[in-house]
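Everything quoted here is computed from the prediction, not taken from an experiment. All values below were derived from every heavy atom in this structure, side-chain atoms included, with hydrogens, water molecules and symmetry-related copies excluded.
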Amino acid sequence: EFTLKTYGELLRPSNFDILVRTVTMAAAVTLACAALAFPIAYYAARYARGRWKAAFYLGIMLPLWSSYLVKIYAWKLILAKEGIITWAAEATHTSAVLNAVLSIPGIGGGSLSTSYIGMFMVFTYVWLPYMILPMQAALERVPTSMLEASQDLGATRAQTFRTVILPLALPGVIAGSIFTFSLTMGDYIIPQIIGNSANFIGMAVYQLQGTAGNIPLAAAFAVVPIVIMLAYLWLA
């Protein structure tokens, strides 16, 4: 019997919170990756030459060659209470600030390794190369003659960036954001290892088709990222 009852279950408060939480985290990670990737990609596209360019590609690609799980567990140690970040905060006398941030309800978890902040940091680190490489390729295709023409017409660096570089590099930004947004929405390993007990779409699908044995609801959850990404691709 054809029915939309299972999709209606997604609108329950507990399930709807999962959708909002996942989309919010994916959007935050995408924005952070874009902000971090742009200056790196711009330097690589415009200034790096020869060995420096090879070093750039090696530095970006090398983390992709290591095991995904090894990277996650390494970050769990880094973010732990006895990890290097806590040690650095104590050494620089900023541990009070870190503890205050971790005590914020709904964000902190007492430790970076069990907080949304820590999860956000790990997501950003893991998916950052997928944002840098498309950006760098797009920035390399921006003609130097257009930048020179902008300067000849009296534009400042900020105006050149806003009216010439950014519009021409936008396809690379969109391509990178598709990677980071979709990969964050579907990931279920990082929230399990780094996060707290809060559920995300990937975790919900994993649990519902596994221990819970609710295949229809798992399928309904799996449709959500597909619909979101189709809408995003259509807008892009």
Peer 1: Quick check: do Pro63 and Tyr125 have side-chain heavy atoms less than 4.5 Å from each other?
Peer 2: yes

Peer 1: Name every donor-acceptor pair, under 3.5 Å, that has one atom in a side chain of residues 222-232 and the other anywhere in the protein, sequence neighbours excluded.
Peer 2:
| from | atom 1 | to | atom 2 | distance (Å) |
| --- | --- | --- | --- | --- |
| Tyr232 | OH | Ser177 | OG | 2.4 |

Peer 1: Within the 4.5 Å heavy-atom criterion, are Tyr68 and Val126 side-chain neighbours or not?
Peer 2: yes

Peer 1: Return the set of residues passing salt bridge (Lys or Arg N to Asp or Glu O under 4.0 Å) with Lys53 (not counting sequence neighbours), or none when no residue passes.
Peer 2: Glu140

Peer 1: Drop me the distance from Leu147's CG to Ile165's CD1, to the nearest 0.5 angstrom.
Peer 2: 5.0 Å

Peer 1: Transitively linked via ILVMFWY side-chain contacts under 4.5 Å: Leu64 with Val70?
Peer 2: no

Peer 1: Drop me the distance from Thr180's OG1 to Ile132's CD1, to the nearest 0.5 angstrom.
Peer 2: 11.5 Å

Peer 1: Could you give me the CA-CA distance, side-chain angles and deciding distance for Met131 and Leu36, then say whether side-chain contact (heavy atoms from CB on, under 4.5 Å) is met?
Peer 2: CA-CA 9 Å; Met131 180 68 82; Leu36 291 172; over 6 Å; no

Peer 1: Considering residues, nucleotides and ligands other than Phe56, do more than 12 of their heavy atoms fall under 6.0 Å from its CZ?
Peer 2: yes

Peer 1: Heavy atoms only: give me the nearest Pro134-Ala175 pair and the separation to one decimal.
Peer 2: CB-CB, 4.1 Å

Peer 1: Find the distance between OH (Tyr116) and CD1 (Ile194) and round it off to the nearest 0.5 Å.
Peer 2: 14.5 Å

Peer 1: Do Phe123 and Ile190 touch side chain to side chain, with heavy atoms closer than 4.5 Å?
Peer 2: yes

Peer 1: Can you tell if the side chain of Thr184 reaches within under 4.5 Å of the side chain of Phe200, non-hydrogen atoms only?
Peer 2: no

Peer 1: State, with a plain yes or no, whether a side-chain heavy atom of Trp127 is found less than 4.5 Å away from one of Thr30.
Peer 2: no

Peer 1: Would you name the heavy atoms of Ala28 and Phe120 that are closest together and state the gap between them?
Peer 2: O-CE1, 3.5 Å

Peer 1: Who passes side chain to side chain donor-acceptor pair (under 3.5 Å) against Ser150, sequence neighbours left out?
Peer 2: Thr160

Peer 1: Which atom pair, heavy atoms only, marks the closest approach of Ala45 to Leu139?
Peer 2: CB-CB, 3.8 Å

Peer 1: Specify the closest pair of heavy atoms between Ile174 and Ala236, including all atoms of both residues, with the distance to one decimal.
Peer 2: CG2-CB, 3.5 Å

Peer 1: So, the side chain of Gln207 versus the backbone of Ala204: is there a donor-acceptor pair under 3.5 Å, distance only?
Peer 2: no

Peer 1: Please list all pairs meeting side-chain hydrogen bond (donor to acceptor under 3.5 Å, both in side chains) that have one or both residues in residues 36-48, counting only residues at least two apart or in different chains.
Peer 2: Arg46-Thr144

Peer 1: Is there side-chain contact between Ile84 and Leu77, with heavy atoms separated by less than 4.5 Å?
Peer 2: no

Peer 1: Using the test side chain to side chain donor-acceptor pair (under 3.5 Å), find all partners of Tyr57 that sit at least two apart in sequence or belong to another chain.
Peer 2: Gln136

Peer 1: Should Leu69 and Ile193 count as side-chain neighbours, where that means a heavy-atom distance under 4.5 Å?
Peer 2: yes

Peer 1: Sub-3.5 Å donor-acceptor pair from the side chain of Asn15 to the main-chain atoms of Glu9, do we have one?
Peer 2: yes

Peer 1: What verdict does the side-chain contact (heavy atoms from CB on, under 4.5 Å) test give for Phe221 and Asn214, after you've listed the backbone C-alpha separation in whole Å, the side-chain angles of each residue and the deciding distance to 0.1 Å?
Peer 2: CA-CA 11 Å; Phe221 265 111; Asn214 191 344; over 6 Å; no

Peer 1: To the nearest 0.5 Å, how far apart are CE in Met61 and CG in Leu133?
Peer 2: 6.0 Å

Peer 1: Which residues pass the side chain to side chain donor-acceptor pair (under 3.5 Å) test with Thr124, not counting sequence neighbours?
Peer 2: none

Peer 1: State, to 0.1 Å, how close Leu10 and Ala220 come at their nearest heavy-atom pair, and which atoms those are.
Peer 2: CD1-O, 3.7 Å

Peer 1: Taking Ile189 as the starting point, is it possible to reach Leu128 by hopping between hydrophobic residues whose side chains are less than 4.5 Å apart?
Peer 2: yes

Peer 1: Take Asn199 and Thr22 through the test side-chain contact (heavy atoms from CB on, under 4.5 Å) and record every step on the way to the result.
Peer 2: CA-CA 8 Å; Asn199 236 342; Thr22 305; over 6 Å; no

Peer 1: Grouping I, L, V, M, F, W and Y whenever their side-chain heavy atoms are under 4.5 Å apart, do Val122 and Leu31 come out in a common cluster?
Peer 2: no

Peer 1: Linking I/L/V/M/F/W/Y whenever their side-chain heavy atoms sit closer than 4.5 Å, directly or via other members, would Ile60 and Trp65 fall into one cluster?
Peer 2: yes

Peer 1: May I have the step-by-step check of side-chain contact (heavy atoms from CB on, under 4.5 Å) for Tyr188 and Ile201, ending in yes or no?
Peer 2: CA-CA 8 Å; Tyr188 67 95; Ile201 289 178; over 6 Å; no

Peer 1: Give, for atom CD of Gln151 and atom CZ of Arg157, the distance between the pair rounded to the nearest 0.5 Å.
Peer 2: 7.5 Å

Peer 1: Would you indicate whether Arg51, at its atom CZ, is surrounded by more than 12 heavy atoms from other residues, nucleotides or ligands within a distance under 6.0 Å?
Peer 2: no

Peer 1: Show the nearest heavy-atom pair for residues Leu112 and Ile117, with the distance to one decimal.
Peer 2: CD2-CG2, 3.9 Å

Peer 1: Rounded to the nearest 0.5 Å, what's the gap from CE on Met25 to CG on Asp187? Could you check?
Peer 2: 11.0 Å

Peer 1: Check for me, please, whether Ile215 and Val205 land in the same ILVMFWY cluster - side-chain distances under 4.5 Å, paths through other members count.
Peer 2: no

Peer 1: Within the 4.5 Å heavy-atom criterion, are Phe161 and Thr156 side-chain neighbours or not?
Peer 2: no

